[in-house]
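Because only heavy atoms are used, hydrogens play no part in the values below, and waters and symmetry mates are left out as well, while side chains stay in.
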Amino acid sequence: MQRRTPTSPLLSLPGAVPAEGRDEGVAAHYGDPFREQRALVAGRGFVDLSHRGVITVSGDDRLSWLHLLLTQHVSELPPGRAADALILSANGHIEHALYLVDDGTTVWAHVEPGTREALLAYLESMRFFYRVEVADRTDAYAVVHLPAGSIAPVPDGVVVRETPHGRELFLPRDELEAYAGEHGPPAGTLAHEALRVEAHRPRLGHETDHRTIPHEIGVIGSAVHLQKGCYRGQETVARVHNLGKPPRRLVFLHLDGSEVHLPAHGTPVRLAADGPEGRQLGFVTTAVRHYELGPIALALVKRNVPVDAPLIVGTTAAAQEPVVEP
């Protein structure tokens, strides 16, 4: 049974509305998602991501061992440099996504809610004779996102991932409330997700399903290194990269703003010319309301869908922008 991540104490802050689904356990917003988006874009505030799993790998062989398992080149990863990585099935399908950094003695990684126990079990099964220790640190550490441009200080001793989209802190969980009190205003997951979708960044369990391969969601190069040694699923990665095209591709959608409700995950995508009863060509993965762009979404569609074709999502008109080229 999956261990439940502790509910965030920040849900007691004024205006906090709990998130649902995969982001359960933290706040969806604190009263005004659009204001929270604007604050993040301006480099102010933070996002409580304490529902995410935190895993550490320590020991002399940690980097060389992870290098054998991950899609990313990490054998010489310098301390403090952030890296994204995947674990694939033998057939090249995405099973796990890790967002990691090495502090010089330990690799810290945060992962999607609900995935850490399966990931830990896999890592433990692959230890063999390597000098590594794998630990679940979720109960002791909370992930906090500081937006790009933030000048909020980082407490001494806190491990940080520096990315183009901001900083991710592995903050001791018992310091979360005090940090929030000093470095607000808080922003919820709705604001964080809106900016993620705007930036075309895929998320495990949202833009992926049981048959997704890395090429479909545009992570070749960012999370998949094409010149590293062997790892599980590499044959599929190399074959598609060198000889073919993925069967599906990620697209960014501008949705008709007159609709009251956002399309749910899995809502069918069709050609507008075929109407709501036409052949399904894909599905919505994440739909959000953006403070400037209005309703937008990411979707997976068949590779041969014309890039200039008007689409419909359910009954909602949609214009597409390619994220992954056909």
Side-chain angles (χ1 to χ4, degrees), residues 1-55 97 99 108-117 119 136-148 150 152-155 158-161 163 165-198 201 203-206 261-262 264-265 286-291:
M1 182 181 294
Q2 174 67 41
R3 291 180 58 196
R4 186 179 178 85
T5 302
T7 298
S8 174
L10 303 192
L11 285 172
S12 64
L13 292 178
V17 174
E20 299 177 348
R22 291 186 177 93
D23 289 330
E24 182 182 4
V26 295
H29 64 86
Y30 296 88
D32 189 342
F34 287 166
R35 174 183 56 79
E36 294 163 25
Q37 288 182 45
R38 292 187 183 98
L40 293 176
V41 169
R44 301 193 306 270
F46 68 92
V47 183
D48 174 14
L49 299 179
S50 60
H51 62 314
R52 295 184 66 82
V54 176
I55 291 172
Y99 303 89
W108 295 74
H110 64 81
V111 300
E112 284 293 330
T115 67
R116 74 182 192 275
E117 290 206 342
L119 174 58
D136 182 356
R137 309 298 297 276
T138 309
D139 287 343
Y141 288 88
V143 179
V144 173
H145 168 79
L146 299 179
S150 171
V154 176
V158 169
V159 177
V160 179
R161 288 186 80 243
T163 79
H165 307 286
R167 290 176 289 170
E168 296 160 358
L169 280 55
F170 292 90
L171 188 72
R173 192 171 286 274
D174 58 9
E175 297 179 14
L176 182 57
E177 284 187 276
Y179 190 86
E182 296 175 3
H183 304 296
T189 57
L190 288 182
H192 191 252
E193 284 289 277
L195 300 182
R196 177 183 72 81
V197 171
E198 178 195 16
R201 291 187 289 131
R203 181 178 171 189
L204 182 76
H206 292 244
H261 300 291
L262 289 171
H265 176 88
T286 307
V288 296
R289 295 191 189 279
H290 189 273
Y291 77 105

Decide side-chain contact (heavy atoms from CB on, under 4.5 Å) for Tyr141 and Val159; before the verdict, give the C-alpha distance in whole Å, the side-chain angles of both, and the deciding distance to 0.1 Å. CA-CA 10 Å; Tyr141 288 88; Val159 177; over 6 Å; no

Would Glu177 and Leu10 satisfy side-chain contact (heavy atoms from CB on, under 4.5 Å), going step by step from the backbone distance to the final call? CA-CA 7 Å; Glu177 284 187 276; Leu10 303 192; 4.2 Å; yes

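In this structure, Tyr291 and Arg38 approach most closely via the heavy-atom pair CD1-CG, 3.4 Å. Heavy-atom minimum distance, Pro147 versus Gly45: CD-O, 3.2 Å. The minimum heavy-atom distance linking Ala191 with Leu40 is given by the pair CB-CD1, 4.0 Å. Here the shortest heavy-atom pairing between Pro172 and Val158 reads CD-CG2, 4.1 Å. Of all heavy-atom pairs between Pro33 and Leu190, the closest is CG-CD1, 4.2 Å.
Every residue two or more places apart in sequence or in another chain that forms a side chain to side chain contact (heavy atoms under 4.5 Å, CB included) with Ala142 is listed here: Ser50, Arg173, Leu176.
Between the side chain of Arg52 and the backbone N or O of Val143 there is no donor-acceptor pair closer than 3.5 Å. The main-chain N or O of Arg201 is found under 3.5 Å from a side-chain atom of Arg196 such that the two form a donor-acceptor pair. Formation of a donor-acceptor pair under 3.5 Å by the Glu36 side chain with backbone atoms of Gly188 is found in this model. In this structure a side-chain-to-backbone donor-acceptor pair under 3.5 Å is missing from Arg137 to Trp108. When atom types are taken as modelled, the side chain of Gln37 and the backbone of Arg289 share a donor-acceptor pair closer than 3.5 angstrom.
Around CD of Glu182, the count of heavy atoms belonging to other residues, nucleotides or ligands within 6.0 Å exceeds 12.
From Arg22, atom CZ reaches atom OG1 of Thr189 across 13.0 Å, with rounding to the nearest 0.5 Å. In this structure, Leu146 CG and Leu171 CG are separated by 9.5 Å, a value rounded to the nearest 0.5 Å. Between the NE2 atom in His51 and the CD atom in Glu24 there is a gap of 10.0 Å [rounded to 0.5 Å].
Proximity of Phe46 to Leu169: side-chain heavy atoms (C-beta onward) are nowhere separated by under 4.5 Å. By the 4.5 Å heavy-atom criterion applied to side chains, Leu13 and Pro186 are counted as neighbours. Between His290 and Leu195, some side-chain heavy-atom pair lies under the 4.5 Å cut-off. Side-chain contact between His192 and Leu49 is present, with heavy atoms from C-beta onward closer than 4.5 Å. In this structure the side chain of Tyr30 never reaches within 4.5 angstrom of the side chain of Pro185, judged on heavy atoms.
Between Glu112 and Arg203 there is a salt bridge, since at least one side-chain N of the basic residue sits less than 4.0 Å from a carboxylate O of the acidic one.
In this pair, Phe170 and His110 present their aromatic rings tilted. The plane angle is within the 30 to 60° band.
For the residue pair Thr138 / Arg116, a side-chain donor-acceptor distance below 3.5 Å is found, with atom types taken as modelled.
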